[in-house]
Number of protein chains: 2
Amino acid sequence: MPREKKIDMVILGLLSHEPLTGYDMKKRIDGAIRFFWNGSFGNIYPSLKELENNGSITRCEVTSDGREKISYKITASGKEELRKWLRDEQASNELKYETLLKLFFGGVEEKNVTYHNIEVFENKIRGDLEMLRTYGKVLEKDLENEDHLHYYLTVSFGIDSYEAYLKWCAKAKKLLNGRAQR
Amino acid sequence: MPREKKIDMVILGLLSHEPLTGYDMKKRIDGAIRFFWNGSFGNIYPSLKELENNGSITRCEVTSDGREKISYKITASGKEELRKWLRDEQASNELKYETLLKLFFGGVEEKNVTYHNIEVFENKIRGDLEMLRTYGKVLEKDLENEDHLHYYLTVSFGIDSYEAYLKWCAKAKKLLNGRAQR
DNA sequence: CTCCTTATATATCAACTTGATATATCGTTT
DNA sequence: AAACGATATATCAAGTTGATATATAAGGAG
């Protein structure tokens, strides 16, 4: 059984564009990637060591003037590892929405509790959607750029699904209000 | 800091409807809940023991004729624990879509690889959407039933977002094909 | 009637992820 | 010079996942 850590692929993917430190990777993940994947120092740093031992990445710059700083770059074998993963059509896609869980079990509480939970969700989505639209507008201008195109497609996925979420929120709130309140 | 295990809430939520064994719970989760939450024997059984020690649930039927079988029911304090969680507006909602990750880093491979990955995703969604629509049609007939209403809302969320996914798939494939193939 | 397969049922574990915390330096502001 | 936030690496407890182990029951095939 080969290595299964998905964070490895995130790291290799990021390094396929430019050399980065672990800290930088975390920032990239917290930027655009966070909408569909996650990462933490707790798995980035251990993974960096393993990938280095594997020969998938190498240190390309180390500054030890006071604060330690280690930049990594991807190797040829690392790039092949990344490509192999991309060509593997298997992919786990899963949602983990506590809001829906609360909705599903909402029957033991009053309707306004569920109603409120939906509103909180709605506001969060509204904010994120605005952000995604801003990203999208910038990227749209240069889709000829390969990287922009791929980036744009993920942003566009977010926009489309968040818009669907908001429509659903309105519908759900209406359905909840249609019944006798409390 | 109180207990944070979300599986506890799934168990309490399920038991708020009817007594169940751990095995039954897993089946329920694999049915409708799997679209927005997950659970495994690996966290169900340990959680059952802890919830029993807490007094949140009690055994209500144990058969030891050969095969052991333990049914649990929720207690008053367990129900209050569930309600408290429902009233807490904090909720973590996160997507973990490997397909989008592969799309994001797809630039290092040929376009048809990304195209194929989207098609695999599309087919999976199409199948799940059909299933959700079947669920939805049954539930729609009796939304006066409180439990059906909550169940229906989660199914409806799935339908709406999956429809948005499919539209996005078509758009994404077109955009990828618009560029020079390979 | 026995063998085989599948479903029922509980239990456990290694591997992975998460979010918090620890430690220390650097840059900017007060 | 003190305070604060950003940079940077590292580690850990707690939770989740998917697989595996163990054993019984039920149903059908030969």
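Computed from heavy atoms alone, side chains included, the values below leave out hydrogens, waters and symmetry copies. Lettering of chains follows the sequences in order, A, B, ..., and the numbering in each one begins at 1.
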Peer 1: Output the rounded distance in Å from CG (B/L95) to P (C/dT18).
Peer 2: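 It is 13 Å, rounded to the nearest whole Å.
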Peer 1: Would you mind reading off the distance between A/D8 atom CG and C/dA15 atom P, rounded to a whole angstrom?
Peer 2: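 Atom CG in A/D8 sits about 14 Å away from atom P in C/dA15.
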Peer 1: Is a side-chain donor-acceptor pair under 3.5 Å present for A/N117 with A/T114?
Peer 2: no
Peer 1: If you apply the rule side chain to side chain contact (heavy atoms under 4.5 Å, CB included), what do you find for A/N93 with B/L100, and how did you get there?
Peer 2: CA-CA 9 Å; A/N93 295 303; B/L100 290 181; over 6 Å; no
Peer 1: Just call it for A/G22: base, sugar-phosphate, or nothing, with non-hydrogen atoms closer than 4.0 Å on any strand.
Peer 2: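 Since only primed, P, OP1 and OP2 atoms lie under 4.0 Å of A/G22, the category is sugar-phosphate.
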Peer 1: Just how far, in rounded Å, is P of C/dT21 from CD1 of A/I44?
Peer 2: 19 Å
Peer 1: Could you tell me whether the phosphate oxygens of D/dT7, OP1 or OP2, come under 4.0 Å of any side-chain nitrogen or oxygen in A/K27?
Peer 2: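 Yes, A/K27 has a side-chain N/O under 4.0 Å of OP1/OP2 on D/dT7.
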Peer 1: Using OP1 and OP2 only, check whether a side-chain N or O of A/K5 sits under 4.0 Å from C/dC16.
Peer 2: no
Peer 1: Using the closest heavy atom to pick a nucleotide of DNA chain C for each, name whichever of B/I70 or A/S40 lands nearer the 5' end.
Peer 2: B/I70
Peer 1: Can you measure B/E98 atom CD to C/dT17 atom P for me and round it to whole angstrom units?
Peer 2: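 Answer to the nearest Å: 11 Å.
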Peer 1: Compare side-chain N and O positions of B/K96 against OP1 and OP2 of C/dT18 and report whether any pair is under 4.0 Å apart.
Peer 2: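 Yes, B/K96 has a side-chain N/O under 4.0 Å of OP1/OP2 on C/dT18.
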Peer 1: Considering heavy-atom distances to DNA chain C, does B/K69 or A/G39 have its closest nucleotide positioned more toward the 5' end?
Peer 2: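 Whichever sits nearer the 5' end wins; that is B/K69.
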Peer 1: Over how many whole Å does the gap from A/K26 atom NZ to D/dA10 atom C1' extend?
Peer 2: 14 Å
Peer 1: Could you check how far CG of A/N38 sits from P of C/dG19, rounded to whole Å?
Peer 2: 6 Å
Peer 1: NA contact type, A/K49, heavy-atom cut-off 4.0 Å: base, sugar-phosphate, or nothing?
Peer 2: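 Counting heavy atoms under 4.0 Å across all strands, the contact made by A/K49 is with sugar-phosphate only.
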Peer 1: Which pair of heavy atoms, one from A/N38 and one from A/I29, lies closest together, and at what distance?
Peer 2: C-CG2, 4.0 Å
Peer 1: Among D/dG18, D/dA8, C/dT12, which is the nearest nucleotide to the side chain of A/E94?
Peer 2: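 Of the candidates, D/dG18 comes closest.
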Peer 1: Inspect the contact between B/K26 and B/D30 and indicate whether a charged nitrogen and a carboxylate oxygen are less than 4.0 angstrom apart.
Peer 2: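 The answer is yes: the pair qualifies as a salt bridge.
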Peer 1: Check whether any side-chain N or O of B/T21 sits under 4.0 Å from OP1 or OP2 of C/dT10, and answer yes or no.
Peer 2: yes
Peer 1: Measure from the ring center of A/F157 to the ring center of B/Y165 and say whether it is less than 6.0 Å.
Peer 2: yes
Peer 1: Would you indicate, yes or no, if C/dA11 has its OP1 or OP2 atom less than 4.0 angstrom from a side-chain nitrogen or oxygen of B/Y45?
Peer 2: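 Negative; the distance criterion is not met.
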Peer 1: Separation of B/N43 atom CG from C/dC16 atom P, in whole Å?
Peer 2: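 B/N43 atom CG is separated from C/dC16 atom P by 18 Å.
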Peer 1: For D/dT7, does either OP1 or OP2 sit under 4.0 Å from a side-chain N or O belonging to A/Y23?
Peer 2: yes
Peer 1: If only side-chain N and O atoms of B/K6 are considered, is one of them under 4.0 Å from the OP1 or OP2 phosphate oxygen of D/dT17?
Peer 2: no
Peer 1: Starting from C1' on C/dT12, measure out to CD on B/E50 and report it in whole angstrom.
Peer 2: 14 Å
